[in-house]
Amino acid sequence: AQSVTQLDSQVPVFEEAPVELRCNYSSSVSVYLFWYVQYPNQGLQLLLKYLSGSTLVKGINGFEAEFNKSQTSFHLRKPSVHISDTAEYFCAVNNQGGKLIFGQGTELSVKP
Amino acid sequence: GAVVSQHPSRVICKSGTSVKIECRSLDFQATTMFWYRQFPKKSLMLMATSNEGSKATYEQGVEKDKFLINHASLTLSTLTVTSAHPEDSSFYICSVAGLAGVYEQFFGPGTRLTVL
């Protein structure tokens with residue numbers, strides 16, 4: 001069975017600091033990987049996705065993620081965060097069977 | 001990406017009543033939609049996969065008679081919570097499978113259900 005683990009439930013950082021949100025997955029088959037952001041009382045917005053090709057994926061709002069097959073990881077990074085990046089972030093994997101499996105979520109809190 | 005809407009955004013109802021939530025794909029025809037439930041400070045839990053013109057496929061532990069799903073057209077899927085109880089209070093989110101295949105999903109804004 002596939003699973004997704006987000007290692008940090010909460011990540012507090014100061015504005016303009018770099019941040020990394022960690023995500024590890026387990027799967028015996030090829031997967032597609034996603035990061036979504038959720039602002040309070042809203043749905044999910046796609047930040048970026050890895051389907052194939054280059055392992056470094058760039059997304060919206062200055063975020064990027066690197067697919068590491070040997071480490072089974074897909075960590076999300078941003079070199080300098082803003083107050084407006086405060087939100088819940090979800091890593092997800094699709095096993096090509098159509099279903100998205102979500103991690104537990106990481107609450108990013110950016111402080112001035 | 002696809003634009004997905006949900007209606008209503010918030011609903012408060014009395015225990016024992018039924019509530020219908022609509023999910024619409026505004027800019028393309030969606031053969032597959034998904035319904036999720038999210039508890040506070042928790043991740044999304046897939047409830048069911050909704051396929052246009054056929055019966056929904058429910059995840060293990062989800063009562064199909066409690067959560068009725070209808071996907072009668074390529075742009076609309078509905079979730080009806082029947083005989084709602086306070087424990088059904090939650091944030092319900094739908095998503096639409098992207099054109100490139102079901103591996104990408106686009107999410108609606110969610111519906112906050114509160115059962116008194």
Side-chain angles (χ1 to χ4, degrees), chain A residues 1-11 21 23 25 27 29-53 57 59-61 67 74 86-109, chain B residues 1-11 21 23-26 30-51 56-60 62 89-114:
Chain A
Q2 293 188 319
S3 66
V4 179
T5 302
Q6 291 182 241
L7 297 163
D8 306 295
S9 60
Q10 293 181 318
V11 174
L21 306 183
C23 174
Y25 68 93
S27 175
V29 298
S30 298
V31 295
Y32 303 123
L33 295 156
F34 305 84
W35 274 100
Y36 288 90
V37 60
Q38 184 180 33
Y39 299 101
N41 295 309
Q42 294 187 28
L44 273 67
Q45 180 182 7
L46 180 67
L47 276 178
L48 48 78
K49 62 190 176 189
Y50 172 79
L51 304 180
S52 65
V57 180
I60 62 171
N61 301 342
F67 170 58
F74 191 54
T86 295
E88 190 83 19
Y89 291 79
F90 292 98
C91 180
V93 60
N94 185 298
N95 64 355
Q96 302 180 27
K99 297 181 184 179
L100 273 178
I101 299 168
F102 286 90
Q104 302 91 326
T106 297
E107 182 182 352
L108 175 63
S109 177
Chain B
V3 179
V4 182
S5 70
Q6 281 184 242
H7 179 79
S9 57
R10 288 178 175 271
V11 57
I21 301 170
C23 176
R24 292 184 184 272
S25 174
L26 299 181
T31 56
T32 303
M33 294 184 177
F34 302 88
W35 285 97
Y36 294 85
R37 181 174 181 176
Q38 185 179 31
F39 293 99
K41 302 292 186 182
K42 296 291 185 182
S43 188
L44 279 73
M45 181 191 79
L46 178 64
M47 298 174 67
T49 302
S50 168
N51 293 297
T57 302
Y58 290 82
E59 295 300 299
Q60 191 172 10
V62 179
S89 298
S90 194
F91 195 54
Y92 293 88
I93 305 175
C94 72
S95 71
V96 166
L99 279 173
V102 296
Y103 52 80
E104 185 166 358
Q105 296 181 24
F106 301 95
F107 289 81
T111 296
R112 173 76 59 194
L113 170 63
T114 302

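Numbers restart at 1 for each chain; the letters A, B, ... are given by sequence-line order, proteins then strands. Hydrogens, waters and symmetry mates are skipped; everything else that's a heavy atom, side chains included, is used.
Summarising the geometry of A/Gly103 relative to B/Ser43, their closest heavy-atom pair is O-OG, 2.6 Å, with the distance given to 0.1 Å. Among all heavy-atom pairs drawn from A/Phe90 and B/Gln38, the shortest one is CZ-NE2, 3.5 Å. Pairing each heavy atom of A/Gln38 with each of B/Phe91, the nearest pair is NE2-CE2, 3.8 Å.
To the nearest 0.5 Å, atoms CD (B/Gln105) and NZ (A/Lys49) are separated by 12.0 Å. Distance check: A/Leu44 CG to B/Ser95 OG gives 9.0 Å after rounding to the nearest 0.5 Å.
In this structure, B/Phe107 and A/Leu100 have side chains that are in contact, with non-hydrogen atoms separated by less than 4.5 Å.
Of the listed residues B/Met45, B/Arg10, B/Glu59, the one with more heavy-atom pairs under 4.5 angstrom with chain A than any other is B/Glu59.
Of the two parts of A/Leu51, only the side chain, counted from C-beta on, holds a non-hydrogen atom closer than 4.5 Å to a non-hydrogen atom of chain B. Heavy atoms of A/Glu107 lying under 4.5 Å from chain B belong exclusively to its side chain. With a threshold of 4.5 angstrom between heavy atoms, B/Gln6 does not approach chain A through any atom at all. A/Phe34 touches chain B through its side chain: at least one heavy atom from C-beta onward sits under 4.5 Å away, while N, CA, C and O do not.
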